[in-house]
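Below, chains carry the letters A, B, ... as their sequence lines are ordered, and counting in each starts from 1. Hydrogens, waters and symmetry mates play no part in the numbers below; they use all other heavy atoms, side chains included.
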Protein chains: 2
Amino acid sequence: MGDLREPLKDLIECGLPQALEVMGERWSFMILRAGFNGLKHFEEFLSELGIARNILSNRLAKLVEHGILKREPCADDRRKIEYRLTEKGFDLLPAMLALRQWGQKYGTEQVIEDPVLVDERDRLPIGPVSILAHDGRILGHQDLWLTRPADLGHRADGSIATPAAGLGTGDVVDIAAAKAAAR
Amino acid sequence: MGDLREPLKDLIECGLPQALEVMGERWSFMILRAGFNGLKHFEEFLSELGIARNILSNRLAKLVEHGILKREPCADDRRKIEYRLTEKGFDLLPAMLALRQWGQKYGTEQVIEDPVLVDERDRLPIGPVSILAHDGRILGHQDLWLTRPADLGHRADGSIATPAAGLGTGDVVDIAAAKAAAR
DNA sequence: AGTTTTCAGTTGCAACTCGCAACCTAGATA
DNA sequence: TATCTAGGTTGCGAGTTGCAACTGAAAACT
């Protein structure tokens, strides 16, 4: 497949484009979810997702290529191939859950989650996926600031501080100001 | 393994497909990120992202339609239109950050994050986006299980409990087993 | 052994989406 | 008035998706 198009990758000032390169594809997250649910074989994914064969083949290959799934021939039946999550794949769980929780919160159709995801220790439902401070406090978007590495640990003193929830474009410090100055 | 596997249920049992309906589109997350960075106007998104005009127009309309952005004519210049994040849009921050952190962790190219996202209170970098238990403990994928709502709060006793961390399909599968198999 | 079924694909083709460039319209600016 | 600017829309070629049919090898029946 000739990739004449990878504009996303050009904006490599944060990890987002890198993540989207793989997971931004149409079925990637659904396949990942199926993987978390324990599906391993081609035909399982096929009937579970209702995806076209060629697309599934292509997506699985891409996920394997990017190290999110491992492709291994089955021991007992050598026609079968097992697609299993790698550690890299498992590390997508927070992202997937966050997306899922968001979809659930705002989805039009009221989703009655028949099987509920719980903490195995006390069997109580898990809380929302959260952004944590270094000391474990839960942060909201109001609590986030953009700083240069050099300024780490220094409190804002009026001129250095950035009243913006910037998230990694590579813009210097104050994004709004930079934009304003640019015209 | 799961012999209790129930007939495959619809995929719509979890919020993921709902979330992907909007955010699964090719540029949605990049536009969202730009929104978090304070960009508001069409031409700003255009030059920041390098996206085609028609696609940007289409994506913005879809994001507005889904209530992630608000479209409001500018007061001072009536040609201009402001696209601003709604609360629903801001609620995507954990998902976006989780994705970004994953991309940063595994990205091929070493991203030197020049501006770092920090907790505004102490200006220390934020921690990883995490799955929390109801009491605030950070959970890994080993700690997650799938239960029926009726069984909430009851410890596993061998027959009722479901040793699974399925994430919405209704399948009953052990995520720990999947993880063990992954290596 | 010979036939059939299952698994994991590949190929061909129609429909759709993307990206680029050009064009359009209302509102500012000179 | 003419021109510029912001935010689109339209047309076209290329790329992507989905469906159905075909392949090839390894099990499973007969």
Side-chain angles (χ1 to χ4, degrees), chain A residues 1-11 17 20-31 34-35 38-66 69-84 176 179-180 182-183, chain B residues 1 5 8 11 17 20-31 34-35 38-66 69-84:
Chain A
M1 270 185 284
D3 253 342
L4 285 177
R5 117 193 123 105
E6 15 178 28
L8 290 186
K9 246 197 151 187
D10 292 344
L11 319 173
L20 291 175
E21 179 107 15
V22 216
M23 300 312 297
E25 300 269 351
R26 192 158 170 62
W27 286 96
S28 301
F29 263 108
M30 292 304 288
I31 293 173
L39 303 207
K40 289 181 182 57
H41 303 294
F42 191 89
E43 306 288 333
E44 286 179 318
F45 287 107
L46 198 69
S47 64
E48 170 81 20
L49 300 174
I51 184 177
R53 295 184 85 81
N54 53 349
I55 305 299
L56 176 59
S57 176
N58 181 294
R59 263 334 89 85
L60 285 173
K62 260 182 200 169
L63 289 168
V64 168
E65 183 191 326
H66 282 89
L69 296 177
K70 270 194 293 195
R71 181 189 194 277
E72 283 172 20
C74 223
D76 57 327
D77 185 339
R78 255 175 301 198
R79 291 169 305 180
K80 288 190 180 178
I81 284 174
E82 283 198 357
Y83 293 95
R84 291 193 309 238
K179 293 284 167 200
R183 48 212 57 188
Chain B
M1 202 183 310
R5 178 163 299 182
L8 306 166
L11 314 178
L20 291 175
E21 179 140 358
V22 215
M23 300 312 296
E25 301 266 353
R26 189 159 171 67
W27 286 96
S28 300
F29 263 108
M30 293 304 289
I31 293 173
L39 303 207
K40 288 181 181 58
H41 301 293
F42 191 91
E43 308 287 334
E44 287 178 319
F45 287 106
L46 198 68
S47 64
E48 171 80 20
L49 300 175
I51 185 177
R53 294 185 87 81
N54 53 348
I55 306 299
L56 176 59
S57 177
N58 181 293
R59 265 332 89 87
L60 286 174
K62 260 181 199 168
L63 289 168
V64 167
E65 184 191 327
H66 282 88
L69 295 177
K70 272 189 295 195
R71 188 190 131 98
E72 285 172 19
C74 225
D76 56 326
D77 186 339
R78 260 178 306 189
R79 292 170 305 179
K80 288 191 180 178
I81 285 174
E82 283 199 357
Y83 292 96
R84 291 201 304 256

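Here C/dC18 presents its P atom at 11 Å from CD1 of B/Ile31, a figure rounded to the nearest Å. Rounded to whole Å, atom P of C/dC18 lies 14 Å from atom CG of B/Leu60. Protein atom CH2 of B/Trp27 is 13 Å distant from nucleotide atom C1' of C/dC20, rounded to whole Å. For the pair A/Ile51 CD1 and C/dA8 P, the interatomic distance rounds to 14 Å; values are reported in whole Å. Atoms CG (A/Leu63) and C1' (C/dG9) sit 16 Å apart, rounded to a whole Å. In this structure, the CG atom of A/Leu56 is 16 Å from the C1' atom of D/dT16, given to the nearest Å. The nearest whole Å value for the distance from the CG atom in A/Leu46 to the P atom in C/dC7 is 11 Å. Atom P of nucleotide C/dT25 and atom CZ of B/Phe42 are separated by 17 Å, given to the nearest angstrom.
Residue A/Glu25 holds its CD atom at 10.0 Å from CD1 of A/Ile31, rounded to the nearest 0.5 Å. Summarising the geometry, atom CG belonging to B/Leu56 is positioned 9.5 Å from atom CG belonging to B/Leu63; distances are rounded to the nearest 0.5 Å. Note that CG of A/Leu49 is 7.5 Å distant from CG of A/Leu39, once rounded to the nearest 0.5 Å. The distance from atom CZ of B/Arg26 to atom CZ of A/Arg26, rounded to the nearest 0.5 Å, is 13.0 Å. If you take CE on A/Met30 and CD on A/Glu48, they are separated by 8.0 Å, rounding to the nearest 0.5 Å.
Of the residues listed (A/Arg71, A/Lys40, A/Glu72), the one engaging A/Tyr83 in a side chain to side chain contact (heavy atoms under 4.5 Å, CB included) is A/Arg71, and it is the only one.
Looking at which nucleotide of DNA chain D each of A/Ile55 and B/Ser57 is closest to, the 5′-most match is held by B/Ser57. For the pair A/Arg53 and B/Lys62, nearest-nucleotide mapping onto DNA chain C gives the more 5' position to A/Arg53.
In this structure, the nucleotide among C/dG9, C/dC18, D/dG8 sitting nearest to the side chain of A/Ile81 is C/dG9. The side chain of B/Arg26 sits closest to C/dC18 out of C/dC18, D/dT9, C/dG9.
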Would you tabulate the nitrogen or oxygen pairs shorter than 3.5 Å linking the protein to nucleotides 11-16 of chain C?
none

Protein-nucleotides 25-30 of chain D N/O pairs closer than 3.5 Å?
from: D/dA27; atom 1: OP1; to: A/Arg78; atom 2: N; distance (Å): 2.9

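Contact record, B/Leu60 with B/Phe42: CD1-CD1, 3.7 Å, taken as the closest heavy-atom pair. Nearest heavy-atom pair, A/Cys74 versus A/Asp76, reported as atom, atom and distance to 0.1 Å: SG-OD1, 3.2 Å.
Side-chain contact check for A/His41 versus A/Glu43: every heavy-atom pair is 4.5 Å or farther apart.
For A/Arg59 and C/dG9, the shortest distance from a side-chain N or O to OP1 or OP2 is not below 4.0 Å. Between A/His41 and C/dC7 there is no side-chain polar atom (N or O) within less than 4.0 angstrom of OP1 or OP2.
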